[in-house]
Undergrad: 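Have a look at the structure that comes next, please.
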Amino acid sequence: MKTSRWLPLAVFAALAVLLAGGVWMSRKPDRDALPSPLIGKPAPAFALPVLHEPARTVRLQDLRGQPFLLNVWGSWCVECRVEHPVLTRFAETRRVRVVGYNWKDEPADALRWLAQFGNPYWVVLSDVEGRAAIDWGIYGAPETFLVDADGIIRWKHVGPLDDGVIADELEPLLRGMRGVP
């Protein structure tokens with residue numbers, strides 16, 4: 001009979017420990033970021049039309065030989081607007097080609113957005129249906145990938161780029177990378 005008296009207290013204590021453990025684990029600042037299983041692996045092949053020249057198709061193999069930054073964006077994406085000035089400043093350094101990946105967007109809307117905010121991209125690929133994005137593990141915009149000269153994904157960032165991310169994460173990866181001045 002005395003054991004049944006302590007059972008609710010024991011259950012409460014166990015739940016409190018689980019809750020405290022969850023709160024402690026959630027203090028990690030990038031807890032929402034999902035690690036990409038593609039890091040260190042060949043970038044998935046694609047063949048996508050160029051936004052400004054829909055009759056022209058760019059394939060992954062067309063981009064090989066030099067590293068590139070693949071930036072996923074859409075005219076409908078609020079955070080892409082926040083990221084855009086930072087990305088533009090980085091693209092102006094010409095350290096690495098910045099390839100735009102316009103995702104699930106109407107071409108007319110994307111063209112209007114670039115006309116309004118500027119086009120920092122070396123080329124803009126258009127994936128209206130979002131089919132190629134599945135192979136890349138893209139689940140939102142903005143997302144950014146660094147692909148080396150051999151076509152291997154070296155880095156992925158989920159969310160808007162800012163000066164800190166570029167300085168602390170991207171720049172160290174670019175240093176010493178083949179094909180980057």
Undergrad: Check for me whether the distance between the ring centres of Trp113 and Trp76 falls short of 6.0 Å.
TA: no
Undergrad: Using a cut-off of 6.0 Å, state whether more than 12 heavy atoms not belonging to Glu106 lie near its atom CD.
TA: no
Undergrad: If you round to the nearest 0.5 Å, how far is CE of Met177 from CG of Asp150?
TA: 9.5 Å
Undergrad: Could you check whether any side-chain heavy atom of Arg97 comes within less than 4.5 Å of a side-chain heavy atom of Gln66, counting everything from C-beta outward?
TA: yes
Undergrad: Can you confirm whether or not the ring centre of Trp73 sits under 6.0 Å from the ring centre of Tyr101?
TA: no
Undergrad: Tell me whether Leu173 is reachable from Leu87 by hopping between hydrophobic residues (I, L, V, M, F, W, Y) whose side-chain heavy atoms are closer than 4.5 Å.
TA: yes
Undergrad: For the residue pair Asp105 and Asp127, establish whether any side-chain heavy-atom pair is separated by less than 4.5 Å.
TA: no
Undergrad: Heavy atoms, side chains only, cut-off 4.5 Å: are Asp135 and Phe46 in contact?
TA: no
Undergrad: Contact between Leu146 and Leu170 at the side-chain level, heavy atoms closer than 4.5 Å - yes or no?
TA: yes
Undergrad: Just list the side-chain donor-acceptor pairs under 3.5 Å for residues 116-125, sequence neighbours left out, or say none.
TA:
residue, atom, partner, partner atom, Å
Asn119, OD1, Tyr121, N, 2.9
Tyr121, OH, Asn71, OD1, 2.7

Undergrad: Is any side-chain heavy atom of Val50 less than 4.5 Å from a side-chain heavy atom of Thr57?
TA: no
Undergrad: Taking the side chain as every heavy atom from C-beta outward, state whether Leu51 and Leu111 have any pair of such atoms under 4.5 Å apart.
TA: yes
Undergrad: Just so I know, are the side chains of Phe90 and Leu161 near enough to count as touching, which here means a heavy-atom distance under 4.5 Å?
TA: no
Undergrad: Following the transitive rule for hydrophobic clusters with a side-chain heavy-atom cut-off under 4.5 Å over Ile, Leu, Val, Met, Phe, Trp and Tyr, establish whether Val72 and Ile39 coincide in one cluster.
TA: yes
Undergrad: Please tell me if the side chains of Arg154 and Val147 come closer than 4.5 Å, counting only heavy atoms from C-beta onward.
TA: no
